[in-house]
Student: 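Dumping the structure here so I can ask a few things about it.
These numbers come from a predicted model, not from an experiment. Numbering of residues begins at 1 and proceeds along the displayed sequence.
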Amino acid sequence: VAAASVAAVRQQLDPILQLMELAEDSETILSCMVEPFLSYTAAIIAFVPRVDTVKALRASGSHLDSEAVREMSFDLNNSPGFTRALKEKVLVCVRVADDPIHEIIAQHLGADEPGEVLVVPVVLGQRVVNLLCVQAIKGRSFDALARSYYTRLAGEAALAFARLIKQKKQ
């Protein structure tokens, strides 16, 4: 990865992380989580895991309004990527052919079929509180640096949520 492209991504990502650090509510954190900072990102969806499902909370890369996004819910049993990220608490990289739920998600969003997809857990303590679904445009994949950026974003989101929880207890 060229130093210039790393600098360009950092120029996009750093303000998002700063805003997240200063967030005073969970809606701001969710907005930061779905803010695209890579040019080849087609869509980003923040999900909250339930017992057997994931429910969408916020999305970018869609023509849907926030209410329509929140109506999206998917069965965890239909997604090996979501299931693995939730159980192992690790970033999972999937191809749509191996986890077709991501094509269905793109259709719900009114987006084109995605390329590679990252499922990134936001872990607070020992619990996954959110799952980020990051869809690349068709024909693109995420390199190790992009994966590390999304892992960092999820970690910063967890810290921001923890800070809000601590503030509410005071």
Student: Could you work out, with side chain to side chain contact (heavy atoms under 4.5 Å, CB included) as the rule, every residue matching Gln11, not counting sequence neighbours?
Tutor: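 With sequence neighbours excluded, Gln11 shows a side chain to side chain contact (heavy atoms under 4.5 Å, CB included) to no residue whatsoever.
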Student: Only counting residues at least two apart or in another chain, list the ones meeting side chain to side chain donor-acceptor pair (under 3.5 Å) with Asp98.
Tutor: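 Side chain to side chain donor-acceptor pair (under 3.5 Å) list for Asp98, sorted by chain: Arg95.
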Student: Any pair with a residue in residues 145-170 that passes ring-ring contact (aromatic ring centres under 6.0 Å, His included), sequence neighbours left out, goes on the list, sorted by first then second residue, please.
Tutor: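 The answer is Phe37-Tyr150.
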Student: Which residues satisfy the side chain to side chain donor-acceptor pair (under 3.5 Å) test with Thr28, sequence neighbours excluded?
Tutor: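 In terms of side chain to side chain donor-acceptor pair (under 3.5 Å), with neighbours along the sequence ignored, Thr28 is linked to Asp25.
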Student: Pro80 and Asp99: which non-hydrogen atoms are nearest, and at how many Å?
Tutor: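 Closest approach of Pro80 to Asp99, heavy atoms only: CD-OD1, 3.3 Å.
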Student: Looking only at the aromatic ring of each residue, does the gap between the centers of Phe74 and His102 stay below 6.0 angstrom?
Tutor: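 So the answer is no for these two rings.
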Student: Would you check if the side chain of Ser62 reaches a backbone N or O of Leu64 as a donor-acceptor pair within less than 3.5 Å?
Tutor: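 Yes, the answer is positive, given that a donor and an acceptor are paired below the 3.5 Å cut-off.
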Student: Could you list all the ring-ring contact (aromatic ring centres under 6.0 Å, His included) pairs where at least one residue sits in residues 10-29, not counting sequence neighbours?
Tutor: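 For residues 10-29, and leaving out neighbouring residues, there are no ring-ring contact (aromatic ring centres under 6.0 Å, His included) pairs at all.
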Student: Could you give the side-chain donor-acceptor pairs of residues 124-133 under 3.5 Å, partners two or more places apart or in another chain?
Tutor:
{"residue": "Asn130", "atom": "ND2", "partner": "Phe47", "partner atom": "O", "Å": "3.2"}

Student: Do Ser60 side-chain atoms and Pro36 backbone N/O form a donor-acceptor pair below 3.5 Å?
Tutor: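 No; judged by distance alone, with no hydrogens or angles, the pair does not exist.
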Student: Excluding sequence neighbours, so at least two apart, what forms side chain to side chain contact (heavy atoms under 4.5 Å, CB included) with Ser31?
Tutor: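 By the side chain to side chain contact (heavy atoms under 4.5 Å, CB included) rule, Ser31 matches Arg58.
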Student: After noting the C-alpha distance and the side-chain angles of Ile105 and Ile45, does the key distance pass the side-chain contact (heavy atoms from CB on, under 4.5 Å) rule?
Tutor: CA-CA 9 Å; Ile105 292 169; Ile45 309 94; 3.8 Å; yes
Student: Applying side-chain contact (heavy atoms from CB on, under 4.5 Å), run through Val92 and Val120 and close with a yes or a no.
Tutor: CA-CA 7 Å; Val92 177; Val120 190; over 6 Å; no
Student: Applying side chain to side chain contact (heavy atoms under 4.5 Å, CB included), can you list everything that pairs with Arg147, at least two apart in sequence or on another chain?
Tutor: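 For Arg147, the residues satisfying side chain to side chain contact (heavy atoms under 4.5 Å, CB included) (neighbours in sequence not counted) are Leu91, Cys93, Glu116, Leu118, Phe142.
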Student: Can you list the steps and then say if Leu30 with Met33 is a side-chain contact (heavy atoms from CB on, under 4.5 Å)?
Tutor: CA-CA 5 Å; Leu30 286 170; Met33 287 168 51; 4.1 Å; yes
Student: Hydrophobic cluster membership, with links at side-chain heavy-atom distances under 4.5 Å among I/L/V/M/F/W/Y: are Val134 and Val90 in one?
Tutor: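 As far as the 4.5 Å side-chain criterion goes, Val90 and Val134 are not connected within one cluster.
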Student: So which pairs with a foot in residues 48-68 pass ring-ring contact (aromatic ring centres under 6.0 Å, His included), sequence neighbours left out?
Tutor: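 Applying ring-ring contact (aromatic ring centres under 6.0 Å, His included) to every pair that reaches into residues 48-68, excluding sequence neighbours, yields nothing.
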Student: List for me each residue that meets side chain to side chain donor-acceptor pair (under 3.5 Å) alongside Asn77, sequence neighbours excluded, and say none if there are none.
Tutor: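 Side chain to side chain donor-acceptor pair (under 3.5 Å) check on Asn77 returns Asp75.
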Student: Who passes side chain to side chain contact (heavy atoms under 4.5 Å, CB included) against Thr53, sequence neighbours left out?
Tutor: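 If we apply the side chain to side chain contact (heavy atoms under 4.5 Å, CB included) test to Thr53, skipping adjacent residues, the hits are Arg50, Ser73.
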Student: If you look only at distance, which donor and acceptor atoms sit under 3.5 Å apart when one is on a side chain in residues 16-24 and the other is two or more places apart or in another chain?
Tutor:
none

Student: Do other residues, nucleotides or ligands put more than 12 heavy atoms under 6.0 Å from Lys55 NZ?
Tutor: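 Atom NZ in Lys55 is packed in, count exceeds 12.
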Student: Quick check: does any side chain N or O of Ser148 sit under 3.5 Å from a backbone N or O of Leu145, one acting as donor and the other as acceptor?
Tutor: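 Yes; judged by distance alone, with no hydrogens or angles, the pair exists.
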Student: Quick one: closest heavy-atom pair of Lys138 and Glu113, and the distance?
Tutor: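 That closest heavy-atom pairing would be CB-O, 3.5 Å.
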